[in-house]
Amino acid sequence: MLNREEKLPGFKLTVIQYVIVGILLILVFGLWRLQVVGAENYHALAEANRIRKVPILAPRGKLFDREGRLLVDNYPSISCYLVREQGHDYMADLPMIARGLNMTVDQIVAILKKYQLAPKYQPLPLKQDITPDEHEFIEAHRDEFPELETVEEQRRLYPKDGFAAHLIGYVGEVSEDMLNDPKYAYYEPGDVVGRSGVEQSYDAMLRGQDGSQDVIVDSHGREVGKLGTEHAVPGKSLKLTIDIDIQRAAENALGDRNGAIIAMDPHSGEVLAMVSRPVFDPNAFAVRIGRDEWNKLVTDPEHPLLNKAIQAQLAPGSTFKIIMATAGLEEGVAQDLKVHCSGGVSLFGTYQKCWVHGGHGEVNIDKGIYQSCDVFFYTLAARLGIERIAKWAHAFGIGSKTGIDLPNEVSGTMPSAEWKMRLFHQKWYPGEVTSVGIGQGAVTATPVQMARALSGIASGGALKRPHVIFPDELPDDYRKAMYDTFPGSGDKVVPIDPASWETITDAMAQVMQPGYGTDPSAHLEGIDFAGKTGSAQTMSNALAARLGHAHSVKDNAWFVGFAPRRNPDIVVCILFEAGEHGKLAGRLAARVIAAYVNKQRRLENNLIAKTPNKVDVGAIWDNPSQPKIFGGKQVVKPQGDQAEMWGGHFYLTVPPTVASAKMP
């Protein structure tokens, strides 16, 4: 019994045999699937293991001024990328890599952490714009550090000293928040994108399309050959509407004063110059701005990154009186309104002071404008009421974006009874209207809004959408998309009675006349220059006294001016923060206006020199039926083929014998 051999039951042996056969069949099927069915797929994967795609980055389009002069260029640069698909333990190499690239290990680790979710095949930007020494380090250690790759690219080169910085903007690396935005679906980590100004608005046109080159590498990641190349498509270069000469004049005029200047052609809406202070250097962003430098910019109480020409929404002060005058004349209230200004007036149970302590005496609409009498406009505001004031202010774009093709424009505020109820759930009290009448209270506007509104009044009610890129630079569909992206009141016509138009512009021309207006220091001899000064409180006198700042808080100075007085060719708006007096802003505007007019005259003289038979017969021909004496003969206003018009002057074709004659 003990020596008897135990045998495996027959049914168990059968089961084991079937299991072994099944396993063999599975193995055979797996080998067949790998070697036959998946042969092409695995061959492609093997090929991919030895071919690396090296990106070829597209250079951004250049930016030029309206005359084709270069503003923003590119310069060649080399950046270092980390390739993670070599099967190499690059973490052990970090101390040596950091030393060779003049970085710290912590900096590299932070970069790896930032891109930890990026696909393995995607190279990571380790250091941009490396130095020649750092490039030599990489080349000398190719065998030791096959994970390091260099890529040639073009970096932005901006004008020095922040010239036109807020208008042009800057570029920077696409952020994680942007990558989560569908608008940036085609961007990858490390890509450069426009972050403000024209660089942001027109990024899709400026950035171009990246290419790539297939490079053959060995098992250690070393390059051993090249295959095909997909060339990069450079970005489109764009011509801006700004004029470098006018921009320079505006930059010099504002100097280091905080504030903004915008100059615009009212006929077309083309922005000729835009300045904001304080300024920043966009070249600091062209590579990768340091954390400390960035924190300094964003925490600066002066807000250097803010484009005050389109983003500073402040009380416009007495420049708003031109909108008040238009409303008063168009509503039939201001024509016969006369007030006696003794230094103040009692309205709605409150005594309102005028800015001139002794008063202005008898004041009508003309004197009210050129002497900027507060009492006149307090009274006019009380007669009009807030609804009629708001109607005309809205018509001229106050409280709405202009639609300028720059990012982050703000709309300002135009109060009304509906506005107060909607925001504060309170009714409007009649006494609140007097502060609105002088551009204070809840009224806020941006320099671009005031420039457009007042030049629209001077142009007979024709308002144009401000823009910084010529429309013919853009395809039709792109132009439409830009209008949708930057909505605003756009091009429009607000009908104005010609008599109102003439009254207002004539009075504005008196503002700079010695012995008449509030800013004779801005007078320009021989230039038909009209404008309006303004001073606006930054806080009420009562609040300043409570805070102990009664004598230290200065008003903002405003000025809006244009030339000539009707149908102007240029409008300039100045915001001089803490400038206190509008006349100080007026002097700055006069410098910009003079630079523009003098340039136009130089251009006209060059044209006349080429056509000696054309003689200047006057810049202003007020009465078309009134003849002028020229060359001993009476001539009427040139029409049709008789004359050409350059810069507001009429040139009559005359015989060569009298071509050098002068107007009396």
Side-chain angles (χ1 to χ4, degrees), residues 1-56 80-98 105-106 108-126 138 141-151 176 179-180 182 185-191 210-230:
M1 292 289 293
L2 294 176
N3 294 327
R4 189 181 64 183
E5 293 184 4
E6 294 186 4
K7 293 183 178 179
L8 195 65
F11 78 93
K12 289 185 178 181
L13 183 60
T14 301
V15 169
I16 291 172
Q17 289 174 341
Y18 279 113
V19 168
I20 293 172
V21 171
I23 292 172
L24 290 174
L25 289 174
I26 292 172
L27 291 174
V28 169
F29 174 77
L31 289 172
W32 175 79
R33 187 171 61 85
L34 287 172
Q35 295 182 11
V36 179
V37 177
E40 291 186 5
N41 180 47
Y42 287 104
H43 178 74
L45 290 175
E47 286 293 312
N49 284 335
R50 68 183 185 90
I51 298 174
R52 178 192 304 162
K53 275 194 178 296
V54 177
I56 300 175
C80 176
Y81 284 75
L82 181 71
V83 180
R84 297 169 294 165
E85 54 180 352
Q86 298 299 330
H88 183 78
D89 183 15
Y90 55 83
M91 295 299 293
D93 299 334
L94 294 190
M96 276 289 291
I97 293 174
V105 174
D106 290 341
I108 297 179
V109 171
I111 293 171
L112 295 177
K113 185 177 181 181
K114 178 180 179 180
Y115 297 112
Q116 61 184 344
L117 298 180
K120 280 285 186 181
Y121 62 81
Q122 181 177 305
L124 305 185
L126 209 55
I138 296 171
H141 294 82
R142 284 287 184 189
D143 292 341
E144 299 170 68
F145 308 130
E147 63 269 27
L148 296 184
E149 185 64 72
T150 56
V151 174
E176 292 182 26
L179 290 172
N180 294 326
Y186 296 102
Y187 291 81
E188 295 183 352
D191 281 353
D210 293 342
S212 64
Q213 183 174 59
D214 292 334
V215 175
I216 303 172
V217 295
D218 61 17
S219 59
H220 297 288
R222 292 173 296 208
E223 182 180 324
V224 295
K226 289 182 172 63
L227 294 176
T229 299
E230 183 181 348

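- In this structure the side chain of I97 never reaches within 4.5 angstrom of the side chain of V105, judged on heavy atoms.
- Residues Y81 and T150 are not in side-chain contact: their nearest non-hydrogen atoms beyond the backbone lie 4.5 Å or more apart.
- In terms of heavy-atom proximity, P95 sits nearest to A92 at CD-O, 3.7 Å.
- Within the 4.5 Å cutoff, the side chain of I108 has no heavy atoms near those of the L82 side chain.
- Atoms OH and CG, from Y90 and L124 in turn, are 7.5 Å apart once rounded to the nearest 0.5 Å.
- Between E147 and D93 there is a side-chain heavy-atom pair separated by less than 4.5 Å.
- L148 places a side-chain heavy atom less than 4.5 Å from the side chain of C80.
- Just one of I26, L27, L25 meets the side-chain contact (heavy atoms from CB on, under 4.5 Å) condition when paired with I23; it is L27.
- A distance of 6.0 Å separates CE in M96 from CD in E144, rounded to the nearest 0.5 Å.
- Here the straight-line distance linking atom CG of L126 with atom CG of L94 works out to 8.5 Å at 0.5 Å rounding.
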